[in-house]
Amino acid sequence: MSLLDRSRTRVGETPAESLRATVDRARRAEELGFRRFWVAEHHAVPGIASGSPPVLVAEIAARTSRIRVGSGGVMLSNHRPLVVAEQARMLAALHPGRIDLGVGRSLGFTAPVREALGVSSYGQDRFARDLADLQSFLGDSGPVTAMPRDVPAPPIFVLATGAGLAVAAERGLPVVVGGPVLAGDLAPLGDYRRRFRPNAACPEPRVIISLDIAIASTTARARELVLPEAYAMAESRATGVFGPLRPEPPERLTAKQELVVEQQLSQSVYGTAAEVADQLGELVARTGAAEVLASTSTYDRAALAEADAALAALDPA
């Protein structure tokens with residue numbers, strides 16, 4: 001059981017406060033016994049303060065001592081593989097055995113962001129080439145040496161959709177899957193396992209599932225914790241802006257927005273500790289997942305801390 005924190009902003013809170021809260025949450029996660037704590041990369045999104053995973057990973061790793069810290073993930077569409085390799089190696093040199101490198105291929109949230117990043121398209125073939133280059137630099141088989149040298153390469157994880165799963169299988173890498181993939185046809189996961197190419201670093205296919213998980217004293221209260229994220233998603237579909245978390249929707253929702261909220265809730269796991277344990281057990285059995293990465297956010301930080309503690313208590317490890 002691990003956590004992914006996207007440094008979600010809250011109404012009435014500065015982005016700097018959101019980043020400091022992420023670091024504080026990571027320290028609590030270590031105390032609670034979580035295996036990993038990952039942070040995200042999003043650019044020019046009002047509701048997310050984290051734009052540079054390597055910087056935030058460095059701060060969290062420096063403020064903790066045991067928990068693995070990583071990116072969920074660095075978007076290869078926005079960076080050259082050599083730069084990503086050098087950043088990962090620097091972190092691994094400073095914090096041996098504690099750094100994870102999750103990578104993905106998502107583009108910027110809006111057209112102006114994509115233009116600012118200089119990337120308007122990024123297909124499966126380009127992702128496969130960049131991922132192969134990244135592995136070569138980390139494995140010291142690239143055309144130049146990724147510095148610092150003589151540092152064990154941190155493990156790579158692929159944040160994957162259908163196309164990403166095929167690339168990960170070809171490269172022999174573990175995957176992180178979430179969203180509609182978990183609720184729909186799981187054939188792509190079967191294809192990933194069948195096509196997986198074993199290697200010394202990852203001898204067998206490994207699946208991590210990522211989703212919002214909220215535990216509270218009652219099902220109704222747990223649902224309340226998941227709603228702020230669902231409200232933000234519904235609002236973004238109408239405005240194109242993914243905004244800060246609010247305790248209530250900013251205005252009366254339309255029928256279409258209500259549908260988005262319900263869809264978001266259907267992709268989450270929430271309830272009492274016993275209910276969540278049952279739901280996760282079923283999901284893990286259905287997907288064959290080796291690990292659960294909880295991506296939960298909610299407006300109430302105290303309630304989030306309590307939910308994290310309850311989730312940690314479910315971990316059989």
Side-chain angles (χ1 to χ4, degrees), residues 4-11 13-19 21-22 38-57 70-80 83-84 87 101-124 126-127 130-131 157-164 176-182 210-212 226-246 249-251 253-254 256-257 259-261 263-265 267-268 293-299:
L4 167 63
D5 189 292
R6 289 175 293 156
S7 300
R8 290 289 276 118
T9 58
R10 273 77 171 165
V11 169
E13 179 181 83
T14 68
E17 289 173 324
S18 302
L19 291 172
T22 293
W38 283 8
V39 299
E41 176 184 337
H42 294 273
H43 298 282
V45 178
I48 299 177
S50 173
S52 179
V55 175
L56 191 50
V57 166
S71 55
V74 169
M75 297 300 124
L76 289 184
S77 51
N78 302 330
H79 310 281
R80 299 302 302 155
V83 174
V84 175
Q87 290 171 342
L101 177 57
V103 299
R105 65 186 189 102
S106 294
L107 295 173
F109 188 62
T110 63
V113 174
R114 293 189 289 273
E115 183 176 353
L117 291 169
V119 183
S120 59
S121 63
Y122 190 74
Q124 179 179 346
R126 174 68 182 277
F127 180 54
D130 284 350
L131 191 54
F157 301 78
V158 177
L159 280 65
T161 57
V176 181
V177 297
V181 174
L182 300 181
S210 179
L211 69 164
D212 290 353
V226 181
L227 277 172
E229 192 71 72
Y231 291 149
M233 184 63 69
E235 185 180 8
S236 73
R237 297 285 180 86
T239 66
V241 177
F242 190 68
L245 292 171
R246 304 169 181 270
E251 56 188 20
L253 299 178
T254 65
K256 183 178 292 187
Q257 288 175 320
L259 180 60
V260 173
V261 168
Q263 289 174 337
Q264 187 75 10
L265 293 179
Q267 296 172 18
S268 305
L293 183 65
S295 55
T296 317
S297 299
T298 191
Y299 177 82

Colleague: Got a second to check how far Ser297's OG is from Leu4's CG, nearest 0.5 Å?
Modeller: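 Going from OG on Ser297 over to CG on Leu4, the span is 8.0 Å.
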Colleague: Show me, pair by pair, the donor-acceptor contacts under 3.5 angstrom made by side chains of residues 38-48, not counting sequence neighbours?
Modeller:
residue	atom	partner	partner atom	Å
Trp38	NE1	Asp100	OD2	3.3
Glu41	OE1	Met75	N	2.9
Glu41	OE1	His79	NE2	3.2
Glu41	OE2	His43	NE2	2.7
Glu41	OE2	Asn78	ND2	2.9
Glu41	OE2	His79	NE2	3.1

Colleague: Give me the atom names and distance for the closest heavy-atom approach of Tyr299 to Val11.
Modeller: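 So the minimum-distance heavy-atom pair works out to OH-O, 3.9 Å.
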Colleague: Of the non-hydrogen atoms in Ser210 and Val176, which two are nearest, and what is the gap between them?
Modeller: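 It is CB-CG1, 3.9 Å.
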Colleague: For Arg126, enumerate each residue passing the side chain to side chain donor-acceptor pair (under 3.5 Å) test, keeping only those at least two apart in sequence or located in another chain.
Modeller: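 Side chain to side chain donor-acceptor pair (under 3.5 Å) check on Arg126 returns Asp130.
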Colleague: So Met233 and Phe242, side chain to side chain contact (heavy atoms under 4.5 Å, CB included) or not? Walk me through it.
Modeller: CA-CA 7 Å; Met233 184 63 69; Phe242 190 68; 4.2 Å; yes
Colleague: Of all the heavy-atom pairs spanning Thr9 and Pro15, show the shortest one and how long it is.
Modeller: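 In terms of heavy atoms, the two residues are closest at CG2-CA, 4.2 Å.
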Colleague: I'd like to know if the side chain of Ser71 reaches the main chain of Gly102, judged simply by a donor and an acceptor atom lying under 3.5 Å from each other, with no hydrogens or angles considered.
Modeller: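 Side chain of Ser71 to backbone of Gly102: a pair is present.
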Colleague: Would you mind writing out the side-chain donor-acceptor pairs for residues 105-120 within the sub-3.5 Å range, not counting sequence neighbours?
Modeller:
residue	atom	partner	partner atom	Å
Arg105	NH1	Tyr122	O	3.3
Arg114	NH1	Gly108	O	2.9

Colleague: Rounded to the nearest 0.5 Å, what separates atom OG1 in Thr296 from atom CG in Asp5?
Modeller: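 Going from the OG1 atom of Thr296 to the CG atom of Asp5 covers 9.5 Å.
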Colleague: Would Phe127 and Val158 count as a side chain to side chain contact (heavy atoms under 4.5 Å, CB included) if you check the C-alpha gap in whole Å, the side-chain angles of each, and the deciding distance to 0.1 Å?
Modeller: CA-CA 11 Å; Phe127 180 54; Val158 177; 3.9 Å; yes
Colleague: Val260 and Ala234: which non-hydrogen atoms are nearest, and at how many Å?
Modeller: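 For Val260 and Ala234, the tightest heavy-atom pair comes out as CG1-CA, 3.6 Å.
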Colleague: Which residues satisfy the salt bridge (charged side-chain N to carboxylate O under 4.0 Å, His left out) test with Asp212, sequence neighbours excluded?
Modeller: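 For Asp212, no residue satisfies salt bridge (charged side-chain N to carboxylate O under 4.0 Å, His left out) once neighbours in sequence are set aside.
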Colleague: Per the salt bridge (charged side-chain N to carboxylate O under 4.0 Å, His left out) rule, what does the pair list look like for residues 229-243, sequence neighbours excluded?
Modeller: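 Residue pairs passing salt bridge (charged side-chain N to carboxylate O under 4.0 Å, His left out), neighbours aside: Arg6-Glu229, Arg8-Glu229.
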Colleague: From Leu253 CG over to Leu259 CG, what is the distance, rounded to the nearest 0.5 angstrom?
Modeller: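 Answer rounded to 0.5 Å: 11.5 Å.
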Colleague: List the steps, then state whether side chain to side chain donor-acceptor pair (under 3.5 Å) holds for Thr22 with Ser7.
Modeller: CA-CA 6 Å; Thr22 293; Ser7 300; 2.8 Å; yes
Colleague: What closest approach, in Å, do Ala160 and Val177 show between heavy atoms, and which atom pair accounts for it?
Modeller: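 Result for this residue pair: O-CG1, 3.7 Å.
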Colleague: Less than 4.5 Å apart, side chain to side chain, heavy atoms only: is that true for Ser18 and Glu13?
Modeller: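 Side-chain contact under 4.5 Å: yes.
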Colleague: Test your reading of the model: is there a side-chain donor-acceptor pair from Arg10 to the backbone of Thr298, 3.5 Å cut-off?
Modeller: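 Yes, the answer is positive, given that a donor and an acceptor are paired below the 3.5 Å cut-off.
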Colleague: Excluding sequence neighbours, so at least two apart, what forms side chain to side chain contact (heavy atoms under 4.5 Å, CB included) with Ala21?
Modeller: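 Once residues adjacent in sequence are excluded, the partners of Ala21 under the side chain to side chain contact (heavy atoms under 4.5 Å, CB included) criterion are Arg301.
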